[in-house]
Every structure is written in C-alpha cells, then in structure tokens.
Amino acid sequence: MTPLSRAFFDRATAAVARGLLGQRLVRALDGVRLAGLICETEAYGGSDDMASHAFRRTPRSAIMYGPPGYAYVYFIYGMHHCLNVVTEGDGQPGAVLIRGIVPEEGIEALRIRRGGVDDRHLANGPGKVCQALGITVALNGVDLTTSAELFIEPGAIVPDAEVAITPRVGVRGNVAALDRPWRFVWQHPENCQTAVKAV
DNA sequence: TATACGATCACCT
DNA sequence: GGTGATCGTATAC
C-alpha cells in the first residue's frame, strides 16, 4: 500500500499526532515485515514548548526544524530508543512521539525481539516499540515517505469517541504551558496501555 | 573538560 | 507502588 504522503505530516503537530492514530507503522527487517497500528502518540512543539527537544535548537534537535515526514530517533536513559516523526514545514519545528502500537504482522518476530514478554507488553511503550521493531539511531533522518525500511501506511479510521486526550507523560513541573493536552490514546480493545487518566 | 539528568522499562516488594 | 539500570546530550565552569 502507498505510504502516507509528505502532505500528511506537513500540518500542525497536534493534528498529525491525532491523525496518526490507527495508521499502520511498518518496519521491514531482515526481509520480514513487522507492522502494527499506532495507538498512542504525543505532540512536541518548538521554542514555546519547554518539554520539547526543539525548545532550543541544537545539533540533535535540528532535524525537528527540517521538512516533515522524516524519522527522528534518539537514545535515552542509556538503554532505550524513541521514535518520532517530524511535522510542520521546513523551519517550523515539531515532532510526534510514537508511544505505542497494536501488533498486526510479524508477531512471532516481535515476541523474539522482546525476549518473550507477555503479548500485552510487546509494544505498549516508546522504548518497547523501538526494541520490537528493531529501530535504532541508525534510522535517524530516514524519509518515511520514500524508505522501504520504515514507513507508515493508511490503516484504520479512528472515531473521536475512541480517542482519549490527556497531558503528556514524563513532563515535570506544574507550568500551565506544559499541561497542554497533546497526548492521544486510541481506546482500542487490544490497546494494552497502562490505565489512561481521565481527561 | 566535567557533571547532572532525562519524552523509560523491568523487576522487586 | 517504588526504585535501580545506564549513557548521550546539554549546559556550566
């Protein structure tokens, strides 16, 4: 199936984060197709968003200032990778963190890569998604609209009634600007996220 | 050059 | 529900 176009990502970051719910994240690894429906995302902005890596422009966050549709992969806590998708036009920083997927294809491979954990925990966290799909900083900067290794296909249509919107995870402090409701969770029956706090 | 800490996870109780 | 693992990056000196 044709991957999502660059125009899909060339929109307000929060709109892209909402729109990514239900889309299919595909990873071709060692000739095997690994895929799942995106069920949790978070939007990150630019200089007005203290929680974002792009709050200040640095060599690492420079990619968030570039054109949309590219992968931004970073390493954190000394042991985890996180996958982001760059949004908004060139010069306008923004990215969406992929926090969870519902496995669809290549589940056997996912189980092996995840070390035999319970299926509920295959990819229900940003670090787990990357481990399950074999995503590392080697994929940083990949063009998701043209790559054969990592891309996003049209998936399910997710109605608003099935979407929970909450403040973002892992953001410290009580600054009002950080409480923006930029976390989107698909309340899918097979979405094994930890309990979602009431909006 | 040094140091503090983070968009996390797994395991222990 | 609490806490240790573990290192790249940013920021200060």
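Side chains are part of it too, since the values below use all heavy atoms of this structure and drop only hydrogens, waters and symmetry mates. Chain identifiers are assigned alphabetically (A, B, ...) following the order of the sequence lines, protein sequences preceding nucleic acid strands; residue numbering begins at 1 within each chain. Quantities reported herein were computed from a predicted structural model and do not represent experimental measurements.
We find that CE of A/Met79 is positioned 9 Å from P of C/dA5, with the value rounded to whole Å. One interatomic measurement links the two molecules: CG of A/Asn84 to C1' of B/dG6, which rounds to 14 Å at whole-angstrom precision. As a whole-Å value, the separation of A/Phe55 CZ from B/dG6 C1' is 16 Å. Here B/dA7 presents its C1' atom at 14 Å from CE of A/Met50, a figure rounded to the nearest Å. One can place CZ of A/Arg180 at 15 Å from P of B/dA7, the figure rounded to the nearest angstrom. In this structure, CG of A/Leu122 is placed 13 Å from P of B/dC9, rounded to the nearest angstrom. Between A/Tyr77 atom OH and C/dT9 atom P the separation is 15 Å, expressed in whole Å. Between A/Glu40 atom CD and B/dA7 atom P the separation is 15 Å, expressed in whole Å.
In this structure, A/Phe75 and A/His81 have tilted ring planes: the angle between them lies in the 30° to 60° band.
Here the nucleotide nearest the side chain of A/Arg60, chosen from B/dT8, B/dA10, C/dA10, is C/dA10. Counting only heavy atoms from C-beta on, A/Pro59 has its side chain closest to C/dA10 among B/dA7, C/dC7, C/dA10. Comparing B/dA7, C/dC7, B/dC9 by their nearest atom to the side chain of A/His53 picks out B/dA7. Closest to the side chain of A/His80, from the set B/dA7, C/dT6, B/dC9, is B/dC9. Of the listed nucleotides (C/dG8, B/dA7, B/dC9), C/dG8 has the atom at the smallest distance from the side chain of A/Phe75. Of the candidates B/dT8, C/dA10, C/dA5, B/dT8 carries the atom nearest the A/Pro126 side chain, counting heavy atoms from C-beta on.
Taking 4.5 Å as the limit, every side-chain heavy atom of A/Glu153 sits out of range of all side-chain heavy atoms of A/Gln23.
A/Ala43 approaches A/Ala17 most closely through the heavy-atom pair CB-CB, 4.1 Å. Across every non-hydrogen atom of A/Leu20 and A/Phe9, the tightest pair is CD2-CE2, 4.2 Å. Residues A/Asn84 and A/Ala95 come closest through the heavy atom pair CB-CB, 4.2 Å.
Contact annotation: A/Arg183 side-chain N/O to B/dA7 OP1/OP2 distance is not under 4.0 Å. Distances shown here put every side-chain N or O of A/Arg56 at or beyond 4.0 Å from the OP1 or OP2 atom of C/dA10. At B/dA10, one or more side-chain N or O atoms of A/Arg114 fall inside 4.0 Å of OP1 or OP2 (strictly under the cut-off).
Counting only N and O atoms by type, the side chains of A/Gln131 and A/Arg114 include a donor and acceptor under 3.5 Å apart.
Counting only Watson-Crick and G-U wobble pairs whose two distances sit under 3.5 Å, DNA chain B takes part in these stems of three or more pairs: B:1-6 with C:7-12, B:8-12 with C:1-5.
Other residues sharing the hydrophobic cluster of A/Phe151, ordered by chain and number and joined by side-chain separations under 4.5 Å: A/Val26.
For A/Tyr74 against B/dA7, a side-chain-to-base donor-acceptor contact under 3.5 Å is present.
A salt bridge links A/Arg33 with A/Glu105: the distance from a Lys NZ or Arg NE/NH1/NH2 to an Asp or Glu carboxylate oxygen falls below 4.0 Å.
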